[in-house]
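Below is one structure; the comments refer to it alone.
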Amino acid sequence: MLAVPRVTGAPVLNALRRPYSNVAPTTKLFIDGKFQESQATQWIDLHNPATNEVVTRVPQSTKAEMDAAVQSAKNAFQSWKHSTVLTRQQLMLKLQAVIRRDIKKLAANITLEQGKTLADAEGDVMRGLQVVEHTCAAGSLLLGETLQNIAKDMDCTSYKLPLGVTAGICPFNFPAMIPLWMFPMALVTGNASIIKPSERDPGATMLIMELLNEVGCPPGLVNVIHGSRDAVNFICENPDIKAISFVGSDQAGKYIYEKGCANGKRVQSNMGAKNHAVVLPDANKEATIDQLCGAAFGAAGQRCMAISVAVLVGEAQNWIPDIVARAKKLNVSAGHEPGTDVGPVISPAAKQRILKLVESGIKEGAKCPLDGRNITVAKYPNGNFVGPTILTDVKPSYECYKEEIFGPVLSIVSADTLEQAIEIINANPYGNGTAIFTTNGSSARQFVNEIDVGQVGVNVPIPVPLPMFSFTGSRGSFWGDLHFYGKQGLNFYTQTKTVTSLWRKGQVVSKSSVSMPVH
Ligand code: NAD
């Protein structure tokens, strides 16, 4: 086999360079309903985060391949836009059944490529599947509005119509859920879709494409291209792509939002987060500590809705030893090993970044009663493991507080009162999620009313809304107008056409009226 030049992603220390493979299997493109070998000259090695062995090589799609994907989507859209709502609904009904059937297979792929535990990977699929299930009610969801007799003999109706070819750009941390937030909503509203999965774990998307073929999805309705910045630029610049759904980091999200909007596209951009949980001393201690540890260290902290900061109010500051004790019990190992609670982080570079931020916190004055930086997992000596880590006495001016760490690190901040806790959270630029733990209804109500964050949990640590609602992160965590899934997602993928009709019997006009009609 020919040697293929290596593409380096984010700067990686030389010492951390992993073996490059030109023999590992390749990830295919999915264009016009067919899996195709890419003609790319540049490839990205994808490593199992638990072992750093190469799992597959992901192509940087060529311009010709990406053009073919858009052309295929354009062609498919021409007939799909006329499809009946029942046809679209039936496609989704069939799709949800096969995703549910294959949930373990999808989860195994996610664990292999992304590292999270098998149980957590099933949750990843399940949260996406719930969106597919929701789209099965398209007949009701797509109802427009109508009003009879808005003037004499005149009626008005509005329709929700598709946009055309839409695109989705996905992050690494939810390889099934995020693509499933995107293309099912696009399809059920009558659009075609181009998906660019994360180059770090496209496998789940590819398995879902096999399922689309199995259920008879018309070729070209969904196409998958691979790559990184060039593929993203292609999507932002292509005039046939009308809307972009993005989920990922701030840097990429702001770039894509600005570039996409400048090219006249709709963009919804879900970005980074710093989610705070406020713990009042009247909270149920055991349940709260359980929830905190699950939300901080689950998925190795690589969730946009992970709790990364606990704000302990008053007497709750005495709970730190109990939080540490609970976190210590979590088992760190490869995601497929039974009993694992915390898997590896995505890459050696991500691990180094996490370690650096923890170190900077300690240097700036934080204490570290639980330090997972030097953890070793005997069976997986080459994995990107970071054990649960707790930093206390963290101040909002510290680097480790300002940056999204995206690892299994819980920063603890102290506050004297609920008002002070609310002030701290509202001063943070992000607005993805937050939670309060309390048994006092009026404190909870005050928090809900005064907090400036788009998704709020009351005794619920990860308040990700189900798909009858929308995912409503706010402020620095979201750029755009219409959020993902739910009613807002439907509106994102549709444009409104309003039809005004006059049907009058025996109309006799003696002279044309030239005034503005007011009905
Ligand atoms: P990322 O931004 O590195 O990658 C996301 C996508 O953008 C990928 O497809 C990648 O190819 C592309 N990309 C990356 N850098 C780019 C650049 N400079 N220019 C153009 N395109 C680029 O994000 P990630 O590391 O895969 O995901 C983790 C991030 O995603 C975290 O910040 C997390 O908070 C965020 N996230 C947010 C949500 C949410 O709903 N708010 C959900 C999941 C993840």
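Read the numbers this way: they start at 1 and go in the same order the structure lists the ligands and their atoms. The model shown is predicted, which means the values in this text are computed figures rather than measured ones.
- For atom 10 (C) of ligand 1, the nearest non-hydrogen atom from the set Met177, His226, Glu199, Lys274 comes from Glu199.
- With a heavy-atom cut-off of 4.0 Å, Phe484 does not touch ligand 1 at all.
- For atom 28 (C) of ligand 1, the closest non-hydrogen atom of the protein is Phe406 CE2, 3.6 Å.
- Considering backbone and side-chain atoms together, Asn173 places no N or O closer than 3.5 Å to any N or O of ligand 1.
- Aromatic ring orientation, Phe30 versus Phe35: tilted (interplanar angle from 30° to 60°).
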*asked:* Ile362 vs Leu391, test: side chain to side chain contact (heavy atoms under 4.5 Å, CB included). Steps then yes/no.
replied: CA-CA 8 Å; Ile362 295 168; Leu391 292 173; 4.0 Å; yes

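- Across Gly168, Ser228, Cys170, heavy-atom proximity to atom 9 (O) of ligand 1 is greatest for Cys170.
- Looking only at protein heavy atoms, the nearest one to atom 36 (N) of ligand 1 is Cys304 CB, 3.5 Å.
- For Asp250, no nitrogen or oxygen atom sits less than 3.5 Å from a nitrogen or oxygen atom of ligand 1, counting backbone and side chain alike.
- For ligand 1 and Gly272, the ligand atoms under 4.0 Å from any heavy atom of the residue are 32 (O), 34 (O).
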*Can you check salt bridge (charged side-chain N to carboxylate O under 4.0 Å, His left out) on Arg303 and Asp120, steps first, answer last?*
CA-CA 11 Å; Arg303 290 185 188 131; Asp120 197 33; 2.8 Å; yes

*asked:* I'd like to know whether Gln455 forms a side chain to side chain contact (heavy atoms under 4.5 Å, CB included) with Phe471, so could you lay out the CA-CA distance, the side-chain angles of the two residues, the decisive distance to 0.1 Å, and finally the verdict.
replied: CA-CA 8 Å; Gln455 302 178 106; Phe471 187 97; 3.4 Å; yes

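- Contacts of Phe174 with ligand 1, taken as heavy-atom pairs under 4.0 Å, are absent altogether.
- Of the protein's non-hydrogen atoms, the one nearest atom 23 (O) of ligand 1 is Ser249 N, 3.3 Å.
- In summary, the aromatic rings of Tyr430 and His276 are positioned with their centroids too far apart to meet the 6.0 Å limit.
- For ligand 1, the polar-atom distance check finds an N/O of Asn270 within less than 3.5 Å of one of the ligand's N/O atoms.
- Between Glu258 and Lys254 no salt bridge is recorded (no basic side-chain N to carboxylate O distance below 4.0 Å).
- Between Ile241 and Thr166, the closest heavy-atom pair is CG2-C, 4.4 Å.
- The single protein non-hydrogen atom nearest to atom 21 (N) of ligand 1 is Val232 CG2, 3.4 Å, given as residue, atom name and distance.
- Polar contact check, Ser477 against ligand 1: no nitrogen or oxygen pair lies under 3.5 Å apart.
- Residue Phe172 has at least one N or O atom closer than 3.5 Å to an N or O atom of ligand 1.
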*Under the side chain to side chain contact (heavy atoms under 4.5 Å, CB included) criterion, do Lys196 and His226 qualify, and how do the steps go?*
CA-CA 6 Å; Lys196 194 206 84 61; His226 299 292; 5.8 Å; no

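- By the 6.0 Å contact criterion, CG on Asn374 is open, its count of non-hydrogen atoms from other residues, nucleotides or ligands being 12 or less.
- For atom 3 (O) of ligand 1, the closest non-hydrogen atom of the protein is Arg200 NH2, 3.8 Å.
- Contact atoms of ligand 1 toward Met271: 34 (O), 37 (C), 38 (C), 39 (C), 41 (N) (distance under 4.0 Å to a heavy atom of the residue).
- Nearest protein neighbour of atom 27 (O) of ligand 1, counting heavy atoms only, is Pro171 CB, 3.3 Å.
- Sorted by first and then second residue, the side-chain hydrogen bond (donor to acceptor under 3.5 Å, both in side chains) pairs with a member in residues 170-181 form an empty list; sequence neighbours excluded.
- Remark: the backbone N or O of Gly431 is paired with a side-chain donor or acceptor of Ser477 at under 3.5 angstrom.
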_For Arg100 and Glu133: C-alpha separation, side-chain torsions, deciding distance, then whether salt bridge (charged side-chain N to carboxylate O under 4.0 Å, His left out) applies._
CA-CA 10 Å; Arg100 190 175 286 280; Glu133 288 173 344; 2.3 Å; yes

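- Using a 4.0 Å cut-off between charged side-chain N and carboxylate O, Glu113 and Arg200 make no salt bridge.
- Atom 14 (C) of ligand 1 has its nearest heavy-atom neighbour, among Ser198, Gly227, Ala252, in Ala252.
- At least one N or O atom of Arg229, backbone or side chain, sits closer than 3.5 Å to an N or O atom of ligand 1.
- Residue nearest to atom 29 (C) of ligand 1, selected from Gly473, Pro175, Gly248: Gly248 (by heavy-atom distance).
- Residue pairs meeting the side-chain hydrogen bond (donor to acceptor under 3.5 Å, both in side chains) criterion with at least one member in residues 461-474: none, sequence neighbours excluded.
- The shortest contact between atom 7 (O) of ligand 1 and any protein heavy atom is with Phe246 CE1, 3.5 Å.
- In this pair, Phe172 and Phe406 present their aromatic rings perpendicular. The plane angle is above 60°, beyond the 30 to 60° band.
- Contacts between Met305 and ligand 1, counted as non-hydrogen atom pairs separated by less than 4.0 Å, are absent for every part of the residue.
- Below 4.0 Å from some heavy atom of Ile169 lie the following atoms of ligand 1, by number and element: 6 (C), 7 (O), 9 (O).
- Of the heavy atoms in Phe471, only side-chain atoms (C-beta onward) come closer than 4.0 Å to ligand 1.
- Residue contacts with ligand 1 for Asn432 involve side-chain atoms from C-beta outward but no N, CA, C or O (heavy atoms, distance under 4.0 Å).
- Between Glu404 and ligand 1, an N or O atom pair is found at a separation short of 3.5 Å.
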